[in-house]
Trainee: 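Structure provided below as structure tokens; questions to follow.
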Amino acid sequence: LKAGMLELEILRIEKHWGREPGWFYSLPKRQQIALMAEWRILHTPSKELRSKASGDKGALIRRKIAEYQNRDRFNG
């Protein structure tokens, strides 16, 4: 997220929880991260989440295949 977009998301989180601007920054870092993650999950369309997840799996599979194919080079 760009800086301006991040600020907007934080304001939306504060509004969602019925809190005043600046409340988010008063929270411990771990709680900020948890709130941001929850917000992103709740407000990201499920189709987008599925496509991101399958893309990550595809990259992982390709990496594992490459490691498997290159194993003889390192094992002699």
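Keep in mind that what you see is a predicted model, and the values were worked out from it rather than measured.
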Trainee: Distance from Met36 atom CE to Gln31 atom CD, nearest 0.5 Å?
Mentor: 13.0 Å
Trainee: Run the side-chain contact (heavy atoms from CB on, under 4.5 Å) test against Ile33 and tell me which residues pass, sequence neighbours left out.
Mentor: Lys29
Trainee: In Å and rounded to the nearest 0.5 Å, what is the NE2 to NE2 distance from His16 to His43?
Mentor: 6.5 Å
Trainee: Specify the closest pair of heavy atoms between Tyr25 and Glu7, including all atoms of both residues, with the distance to one decimal.
Mentor: OH-OE2, 2.8 Å
Trainee: Parallel, tilted or perpendicular: which one describes the rings of Trp23 and Trp17, with boundaries at 30° and 60°?
Mentor: tilted
Trainee: Residues in side-chain hydrogen bond (donor to acceptor under 3.5 Å, both in side chains) with Trp39, at least two apart?
Mentor: Glu9
Trainee: Arg19: what forms a side-chain hydrogen bond (donor to acceptor under 3.5 Å, both in side chains) with it, not counting sequence neighbours?
Mentor: none
Trainee: How many angstroms lie between OG in Ser26 and CD in Glu14, if you round to the nearest 0.5 Å?
Mentor: 8.0 Å
Trainee: Could you measure the distance from the CD atom of Gln32 to the CG atom of Leu35? Nearest 0.5 Å is fine.
Mentor: 8.5 Å
